[in-house]
> 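If you scroll down you'll find the structure; I have some questions about it.
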Amino acid sequence: MLSGCHRTITAEERGLRDQLRHDLRGHSFAAALPLARKVLRFAPRDNGAWARLAQAQSGLHDFGGLRQTLADWQKAVHRTSPKFDEYRGDLAQASGRPEEALAAWRKAVAHKDPRRRIFVKIARVEEATAHWPEAAASWTEALKIRKSVSALLQRAHCYRHLHKWEAARADLEQAAWLAPNESKVQQANADFATLAKFVAEVRDCDRQLAAAPNDASLLADRALLFLRAKAPDLALDDATRAARLAPAAVRPKLFAMLALRALGREAEADRLGVRFAQLETLTPDFLQTLRQLDVGIAADPNDAELRVNRAWQLNEIGQPELALGDAEKAIALDARCAGAHAEASYALAKLGRDDQAYEQIKRATELDPNFSTAWQYRGELEMHRADYSAAVGSLTQALAINQTAVGLSKREECYRKLGLLAQAEADRKALAQIHPTR
């Protein structure tokens, strides 16, 4: 559209404009850029000429040039077109300013006959920031202008995050009707069919959360349901929120790690300090115990015994980083807690910090001389250090308190290393009485 009075367009200008439109449609932005500059010299107050220059620069990711073009455009044209705001939004988004981009794009679509592509841009930014209601609304506006399979799938994705199951199902069914053989459509419908099996349980959690929206334990419960339903994106929503509400809880961290890995976001999962584990290896009994411990620690964060118990559980499933955190917190709360030092030792050993592990287990046996498992573990660490004489002493202490097959076997091994064959044979015979088929 030209501002001011109509003017005559020369054959040269018409040819340039035709070639420019052709290059832009073909995404030949490098060829389009000099043509756009030439057209602009013919029509320096033409919104369309400025928009085509901005389009070429945006296509080339020449954001410095685009910034200058927008500034010049605003000076040259009294009333800029909606495309000015669209490209202003594009520049803001490319510069890492999504809120500014959204404001510009919303201004662009407020004009008569808004462009569908701008609603798509808005929807994608809202999705990226987990603003699901706003994203769904923008996809709806885009669908009003033109229905497409991709927009239906994206709006269904938003509806899933909003737990609007029937609306999501309707969009997926409509996408399947439009493109029944498209792999993305088939996969989305298959995923939803798996999720649908868990919807009744999810709705129970939804009702409980409606009454207690900030209950981190309930959010973790729902995250677990979503993991079992093969919906890691929804699990991550709940696990992330639960972790913010209850930073001392462990279940949200475990579930967030599982969700991120299922989504292929390995680097983010690594930053959680949680080792990889399969959901299937986390037994219902373990998860229930961990839930109770998380709740107990949230209620009384200064209870050292609860921290020790959780550290033990975490050491058992191979999470030494998390276990060490609990053990160290327990030691800070009660420096004379032998169990805390023992759990710290187990975790440190798994982390390859053997000297520190040995110091912690020594401290545990000093604090509680009747702690048989600590004596046995101390003996095992001494064996690892090839200090077999010390190991015999520690294992003997453990066996005097509680005779175990493992303790006898370890001490027999130490005796043989020391050449004390008579003592080794005595332990072998004692062990045979416990396990006659040995």
> Once ring pair (Phe, Tyr, Trp, His ring centres under 6.0 Å) is applied, do any residues pair with His27, and if so which ones, sequence neighbours excluded?
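With sequence neighbours excluded, His27 shows a ring pair (Phe, Tyr, Trp, His ring centres under 6.0 Å) to Phe29, given in chain and number order.
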> Not counting sequence neighbours, which residues clear ring pair (Phe, Tyr, Trp, His ring centres under 6.0 Å) with Phe63? List them please.
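Applying ring pair (Phe, Tyr, Trp, His ring centres under 6.0 Å) to Phe63 gives His61.
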> Do Arg261 and Asp270 sit within salt-bridge range, that is, some charged N less than 4.0 Å from a carboxylate O?
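Yes, Arg261 and Asp270 are salt-bridged.
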> Just to verify, which of Gln55, Lys121, Lys107, Arg115 counts as forming a side chain to side chain donor-acceptor pair (under 3.5 Å) with Glu86?
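The passing option is Lys121.
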> How many angstroms lie between atom SG of Cys337 and atom CD of Glu305, to the nearest 0.5 angstrom?
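Reported value, rounded in 0.5 Å steps: 5.5 Å.
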> Using a strict cut-off of less than 4.0 Å between a Lys/Arg side-chain nitrogen and an Asp/Glu carboxylate oxygen, indicate whether Arg416 and Glu412 qualify as a salt bridge.
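So Arg416 pairs with Glu412 through a salt bridge.
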> Can you tell whether the side chains of Asp221 and Arg251 come within less than 4.0 Å, N to carboxylate O?
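Here Asp221 pairs with Arg251 in a salt bridge, since their nearest N and O are under 4.0 Å apart.
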> Surrounding NZ of Lys417 (heavy atoms of other residues, nucleotides or ligands, distance under 6.0 Å), is the total greater than 12?
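No, the 6.0 Å shell around NZ holds no more than 12 heavy atoms from other groups.
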> Check this for me: does any side-chain nitrogen of one of Glu359 and Arg363 sit under 4.0 Å from a carboxylate oxygen of the other?
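The answer is no: the pair does not qualify as a salt bridge.
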> Run the salt bridge (charged side-chain N to carboxylate O under 4.0 Å, His left out) test against Arg385 and tell me which residues pass, sequence neighbours left out.
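Partners of Arg385 under the salt bridge (charged side-chain N to carboxylate O under 4.0 Å, His left out) test: Asp355.
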> May I ask you to decide whether Asp204 forms a salt bridge with Arg207, counting only side-chain N to carboxylate O separations under 4.0 Å?
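A salt bridge links Asp204 with Arg207.
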> Between the side chains of Glu343 and Asn315, does any donor sit under 3.5 Å from an acceptor?
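Yes, Asn315 and Glu343 have a side-chain donor paired with an acceptor closer than 3.5 Å.
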> Could you state the interatomic distance from CZ (Arg291) to CG (Leu224), rounded to the nearest 0.5 Å?
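If I round to the nearest 0.5 Å, the distance is 10.5 Å.
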> Hey, what do you get for CZ (Arg428) to CD (Gln433), rounding to the nearest 0.5 Å?
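Rounded to the nearest 0.5 Å, the CZ-CD separation comes to 10.5 Å.
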> Does His384 have more than 12 heavy atoms from other residues, nucleotides or ligands lying within 6.0 Å of its NE2?
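For His384, atom NE2 is not crowded (no more than 12 foreign heavy atoms under 6.0 Å).
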